[in-house]
Amino acid sequence: MLCIALHDVAPATWDACRVWLDELDALNAHALTLLLVPDFHARGGFEHAPAVVQVLQQRATRGDELAQHGLVHLDQAPAPRTPVAWLRRRVLTAGEGEFAALDESAAALRLARGRELLGAAGLRVEGFVAPAWLASVGTWRALRAAGYAWTSDHRALYDLAQATRHAAPVLTASPRSAWRRGASRVWLTAMLHATRAAPLLRVGLHPADVAHPALLRAWRDVLRELLAQRACSTKAAALRMSRMVPSAEHAA
């Protein structure tokens with residue numbers, strides 16, 4: 001199976017998201033997972049963008065999956081105290097790992113506020129993905145307490161209701177600089193072959209990818225090959241099927 005997720009979906013990023021959705025439609029990719037940021041970079045939410053909401057609702061009706069992706073997609077926790085934490089939260093993730101260092105109470109408040117904003121706009125979500133896939137221990141506790149159905153990180157999908165982990169490598173790119181984009185093109189090709197035998201594979205797309213023609217062309221090639229080999233699935237559907245497989249690991 002193949003799970004294709006479009007990250008950072010918000011009114012502020014919608015023009016680029018629309019490009020990706022058109023690209024994926026042209027490739028006949030379906031059952032996408034759309035990761036919605038309720039108030040991207042504190043620039044306003046979906047309540048001010050009824051046309052965007054209408055498109056998302058239509059896509060959900062035809063089989064795409066909507067999931068919550070943080071609240072503001074910015075790391076607003078106290079500054080990192082160690083060099084490793086600084087590298088992780090400020091350099092590798094460009095300061096967007098919103099849930100990387102939150103305690104359970106702070107995480108619960110952001111989860112609830114995000115869900116509230118999405119719900120008020122008419123957007124229903126069951127899953128959650130932390131920005132930059134960074135979730136603190138407190139975030140994991142808050143997710144379970146809040147009743148989310150699933151979450152994911154760089155390596156796996158997690159069925160929160162069943163407390164199980166399902167290995168699912170992810171192909172993604174970093175468009176933030178020329179050298180990162182070049183490295184990403186090489187990485188995508190290498191990962192395409194390295195993950196060929198994985199039963200469940202994920203793709204993580206970002207709005208910023210579409211601003212760079214060479215990276216977009218690389219993605220098209222990768223997606224065409226993957227779609228020729230695998231069936232598309234939402235994350236929720238993939239987990240439902242995985243429940244029938246006895247080798248799932250228990251989540252921490």
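Numbers here are sequence positions counted from 1.
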Are [X] and [Y] close enough for a salt bridge, meaning some N to O gap below 4.0 Å?
X	Y	answer
Glu126	Lys235	no
Arg62	Asp25	yes
Arg217	Asp221	no

Can [Y] be reached from [X] by stepping across I, L, V, M, F, W or Y side chains whose heavy atoms are under 4.5 Å apart?
X	Y	value
Met191	Leu223	yes
Leu227	Leu200	no
Leu24	Leu188	yes
Leu157	Val129	yes

Evaluation steps, ring-ring contact (aromatic ring centres under 6.0 Å, His included), between Trp133 and His7: CA-CA 11 Å; Trp133 287 297; His7 290 233; 5.0 Å; yes

side-chain hydrogen bond (donor to acceptor under 3.5 Å, both in side chains) evaluation trace for His69 with Asp8: CA-CA 7 Å; His69 191 38; Asp8 307 349; 3.1 Å; yes

Specify the closest pair of heavy atoms between [X] and [Y], including all atoms of both residues, with the distance to one decimal.
X	Y	answer
Cys3	Ala238	SG-CB, 3.9 Å
Pro11	Ala49	CG-CB, 3.7 Å
Ala16	Val210	CB-CG2, 3.7 Å
Val170	Gly204	CG2-N, 3.8 Å
Ala142	Ala107	CB-CB, 4.0 Å

Atom pair [atom1]/[atom2] of [X] and [Y] - distance to nearest 0.5 Å:
X	Y	atom1	atom2	answer
Asp15	Trp20	CG	CH2	16.0 Å
His206	Leu35	NE2	CG	8.5 Å
Asp159	Ser152	CG	OG	12.5 Å
Arg43	His48	CZ	NE2	13.0 Å
Arg59	Leu6	CZ	CG	9.0 Å
Gln68	Thr151	CD	OG1	10.0 Å

Using a 3.5 Å distance criterion without hydrogens, assess whether the side chain of [X] forms a donor-acceptor pair with backbone atoms of [Y].
X	Y	answer
Arg202	Ala168	yes
Arg230	Met1	yes
Glu98	Val72	yes
Thr139	Phe99	yes
Ser136	Leu102	yes
Thr195	Ala198	no
Glu65	Ala236	yes
Asp39	Gly44	yes
Asp22	Val19	no
Asp64	Leu32	yes

I want to check something: taking the side chain as every heavy atom from C-beta on, are [X] and [Y] in contact at a cut-off of under 4.5 Å?
X	Y	value
Phe46	Leu56	yes
Thr33	Ile4	no
Leu34	Leu21	yes
Val53	Glu47	no
Leu2	Ser233	no
Val203	Leu201	no
Leu36	Leu123	yes
Trp14	Val55	yes

Yes or no on side chain to side chain contact (heavy atoms under 4.5 Å, CB included) for Arg124 and Leu66, after CA distance, side-chain angles and deciding distance? CA-CA 7 Å; Arg124 182 172 175 270; Leu66 308 181; over 6 Å; no

Between Tyr148 and Arg115, is there a cation-pi geometry (under 6.0 Å to ring centre, at most 45° from the normal)?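 Arg115 over Tyr148 ring: yes.
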
I'd like to check the side-chain hydrogen bond (donor to acceptor under 3.5 Å, both in side chains) partners of Thr61; sequence neighbours left out, ordered by chain and number.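 Residues passing side-chain hydrogen bond (donor to acceptor under 3.5 Å, both in side chains) with Thr61: none at all.
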
According to side-chain hydrogen bond (donor to acceptor under 3.5 Å, both in side chains), who are the partners of Asp103, at least two apart in sequence or on a separate chain?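 By the side-chain hydrogen bond (donor to acceptor under 3.5 Å, both in side chains) rule, Asp103 matches no residue at all.
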
Could you list who else is in Phe40's hydrophobic cluster, with ILVMFWY side chains joined at under 4.5 Å, directly or through other members?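 Reading the cluster by chain and number, Phe40 sits alongside Val37.
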
side-chain contact (heavy atoms from CB on, under 4.5 Å), paired with Leu71, selected from Leu111, Leu109, Leu118, Leu117: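 Filter result, single survivor: Leu117.
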
Before giving the answer on side chain to side chain contact (heavy atoms under 4.5 Å, CB included), spell out for Met241 and His166 the whole-Å C-alpha distance, their side-chain angles and the decisive distance to 0.1 Å. CA-CA 11 Å; Met241 293 184 67; His166 304 266; over 6 Å; no

What's the verdict on ring-ring contact (aromatic ring centres under 6.0 Å, His included) for Phe128 and Trp150, showing C-alpha distance, side-chain angles and the deciding distance? CA-CA 6 Å; Phe128 175 86; Trp150 60 265; 9.0 Å; no

Steps toward side chain to side chain contact (heavy atoms under 4.5 Å, CB included) verdict (Tyr158, Asp153): CA-CA 8 Å; Tyr158 298 85; Asp153 61 18; 2.7 Å; yes

Might you confirm whether atom CZ of Arg141 has over 12 heavy atoms from other residues, nucleotides or ligands at distances under 6.0 Å?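 Open: at most 12 neighbouring heavy atoms sit under 6.0 Å from CZ of Arg141.
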
Between Leu143 and Leu160, is the side chain to side chain contact (heavy atoms under 4.5 Å, CB included) condition met? List the steps. CA-CA 8 Å; Leu143 280 170; Leu160 295 173; 4.2 Å; yes

